[in-house]
Amino acid sequence: MAGNQGVSHKLEAMITLHRQHNSTAFLPVAAHVESTFEKVICTGASTFIIHGDEVVFEQYLGRQSAADDARMVQADTQFHIASVRKTYIGFAVSYALHYGYIKNIDDKVICYLPDLDEPAWKPVTIRHLLTHTHGLKTEEGKTYREFEPGTDWSYKQIGIEALTRLVKVTTGNSVAEILHEAVFTPLGLSESDWYAEKNERLVDVILRYEGDEDWRTSESTEGDKMNMYVSTRELAYWGYFHLKKGKINGKQIVPREIIDMAVSLQSPATLHKDAPQNGFLWFVKDLPANKTEIGPLVPEGSYQLLGFTNATVLVIPEKDLVAVRMFNSFGSPEGYDYLEDVRSFGDTVMECVGE
């Protein structure tokens with residue numbers, strides 16, 4: 001297992017963050033990540049915390065794969081972030097809305113994607129897609145309705161696929177093209193992308209069993225598939241970019257309104273009070289909700305996203321803090337409660353900074 005390995009990175013010319021030796025105040029977070037590392041099926045993990053414009057904790061554990069000669073997990077190691085990619089899709093939708101490519105998130109989806117003009121899709125709005133409240137599911141290539149839009153919550157891929165299409169149709173650019181032009185290139189991000197082929201910096205995702213039917217690969221580099229890999233530090237910088245409302249080193253990289261829309265509560269008022277609450281795909285902390293993935297100690301106004309690989313980015317504006325954990329696991333082994341684990345991760349972070 002490797003310890004703290006801060007190395008030079010061209011991003012640091014764009015985002016100026018003071019660095020200190022690993023703060024002992026955050027050792028409980030490291031212990032939490034190490035505990036999860038032992039519970040899930042993985043070979044590598046990492047932790048990265050930014051607090052008050054300082055990198056206060058950075059740690060890398062294990063190796064990038066199960067091979068005997070596997071590369072050690074280190075600062076430039078890129079993890080498969082699974083559903084955390086949705087924060088980038090949410091940004092692209094907010095970008096399209098801000099610049100007028102989309103008129104209103106309460107517009108019907110079929111106004112922009114007329115080929116979806118079928119009964120199940122007719123009442124669905126962009127807001128429903130962004131907040132997982134559309135109520136649609138697919139079976140054997142057909143679309144069905146589970147519940148009326150806006151009344152319940154369900155995490156289904158059909159809504160994400162429609163959003164990435166919506167971005168491409170309205171802006172003429174893919175999610176990946178928008179992110180590269182608006183964020184990655186201006187900030188010098190070189191360890192955040194969608195990959196058609198593996199390279200030495202990308203981890204192997206350790207499946208629960210051979211032939212795991214939930215695992216998907218893709219050669220698309222448009223940002224529409226689940227093949228996004230990001231280094232731990234760049235995922236933390238992505239959270240920091242949101243924390244600072246797009247303003248880095250005194251320069252407004254993107255309009256503040258794009259970030260504000262993405263991380264503000266957007267769930268329909270008709271949604272059941274115990275259902276998770278979302279911004280533009282981010283989970284946001286507003287009223288108490290039994291099914292949220294955000295810990296009870298984490299304050300209102302915070303936002304987070306968890307991936308199926310257990311990658312997590314948590315932003316706590318009240319504490320001026322971003323916390324990231326990464327694993328090369330996939331799914332939940334028997335006996336592992338992923339929701340309890342990610343909630344306690346956030347609560348541990350809060351305990352370290354004082355509730």
Side-chain angles (χ1 to χ4, degrees), residues 1-11 21-22 26-49 55 57-85 189-221 225-237 306-313 323-338 341-342 345:
M1 291 188 179
N4 186 24
Q5 299 178 13
V7 299
S8 62
H9 182 216
K10 79 173 188 174
L11 177 65
H21 295 296
N22 280 353
F26 292 98
L27 287 175
V29 179
H32 192 285
V33 173
E34 290 166 10
S35 175
T36 303
F37 177 80
E38 298 297 333
K39 293 174 184 175
V40 299
I41 302 170
C42 72
T43 64
S46 58
T47 309
F48 201 102
I49 301 172
V55 177
F57 202 90
E58 180 180 10
Q59 187 177 57
Y60 303 96
L61 305 173
R63 298 179 180 272
Q64 291 184 183
S65 79
D68 291 339
D69 60 348
R71 188 172 185 257
M72 299 298 292
V73 173
Q74 51 200 274
D76 67 350
T77 296
Q78 291 170 251
F79 288 83
H80 189 290
I81 63 170
S83 283
V84 177
R85 75 186 179 102
L189 292 170
S190 60
E191 298 162 359
S192 306
D193 218 335
W194 294 262
Y195 292 88
E197 299 178 353
K198 285 291 295 293
N199 65 60
E200 69 166 8
R201 296 188 307 182
L202 308 188
V203 301
D204 282 0
V205 175
I206 309 301
L207 304 183
R208 295 165 293 186
Y209 51 87
E210 187 175 353
D212 192 331
E213 64 274 9
D214 289 326
W215 173 247
R216 299 284 187 276
T217 58
S218 174
E219 295 182 357
S220 173
T221 56
K225 301 298 181 183
M226 292 178 284
N227 57 336
M228 190 177 191
Y229 291 77
V230 182
S231 68
T232 311
R233 59 187 174 189
E234 286 201 0
L235 186 57
Y237 290 137
L306 164 74
F308 205 57
T309 54
N310 287 297
T312 306
V313 54
V324 166
R325 66 176 195 175
M326 298 286 227
F327 304 92
N328 66 333
S329 60
F330 189 70
S332 301
E334 187 175 350
Y336 172 69
D337 186 336
Y338 77 95
D341 186 73
V342 74
F345 170 73

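Each residue takes its place number in the sequence, starting with 1. In this text the structure is predicted, and so the values were computed from the model without any measurement.
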*Nearest 0.5 Å, what's the CD-CG distance between Q78 and N328?*
13.5 Å
_Contact summary for N310 and G331, nearest pair of heavy atoms_ = ND2-O, 3.8 Å
_Could you measure the distance from the CZ atom of R201 to the CD atom of Q64? Nearest 0.5 Å is fine._
10.0 Å
*For Y229, check ring pair (Phe, Tyr, Trp, His ring centres under 6.0 Å) against everything at least two apart and list the hits.*
H80
_Least distance between heavy atoms, A196 atom then T221 atom_ = N-CG2, 4.0 Å
*OG on S220 to NZ on K225, rounded to 0.5 Å*: 7.0 Å
*Quick one: does N227's side chain have a donor or acceptor within less than 3.5 Å of a partner on Y195's backbone?*
yes
*Kindly indicate whether the side chain of V29, heavy atoms from C-beta on, has any atom under 4.5 Å from the side chain of F345.*
yes
*asked:* Using only atom types and a distance under 3.5 Å, with no angle test, would you say the side chain of S329 pairs donor to acceptor with the backbone of T309?
replied: yes
*Do R63 and T43 have side-chain N/O donor and acceptor atoms under 3.5 Å apart?*
no
*Between T77 and M72, is any pair of side-chain heavy atoms under 4.5 Å apart?*
no
*Give a yes or no on whether the backbone of S231 and the side-chain of E191 come within a donor-acceptor separation of less than 3.5 Å.*
no
*Between E234 and S190, is any pair of side-chain heavy atoms under 4.5 Å apart?*
yes
*Just wondering, are more than 12 heavy atoms of other shown residues or ligands nearer than 6.0 Å to OH in Y338?*
no
*When rounded to the nearest 0.5 angstrom, what is the spacing between CZ in F48 and OG1 in T232?*
8.5 Å
_Nearest 0.5 angstrom please: R233 CZ to Q74 CD, how far?_
9.5 Å
*For T217, which residues count as a side-chain hydrogen bond (donor to acceptor under 3.5 Å, both in side chains) partner, sequence neighbours excluded?*
none
*Could you please spell out the steps behind the side chain to side chain contact (heavy atoms under 4.5 Å, CB included) verdict for D341 and H32?*
CA-CA 9 Å; D341 186 73; H32 192 285; 3.6 Å; yes
*Take R208 and D214 through the test side chain to side chain contact (heavy atoms under 4.5 Å, CB included) and record every step on the way to the result.*
CA-CA 10 Å; R208 295 165 293 186; D214 289 326; 2.8 Å; yes
_So, taking the atom named CH2 in W215 and the one named OH in Y209, what distance separates them when rounded to the nearest 0.5 Å?_
13.5 Å
*Does the ring centre of F327 sit less than 6.0 Å away from the ring centre of F79?*
no
*Is any side-chain heavy atom of R325 less than 4.5 Å from a side-chain heavy atom of L306?*
yes
*Nearest atoms (heavy-atom pairs only) where V313 meets V324*: CG2-CG2, 3.9 Å
*Do V84 and M228 come within less than 4.5 Å of each other through their side chains, counting heavy atoms only?*
no
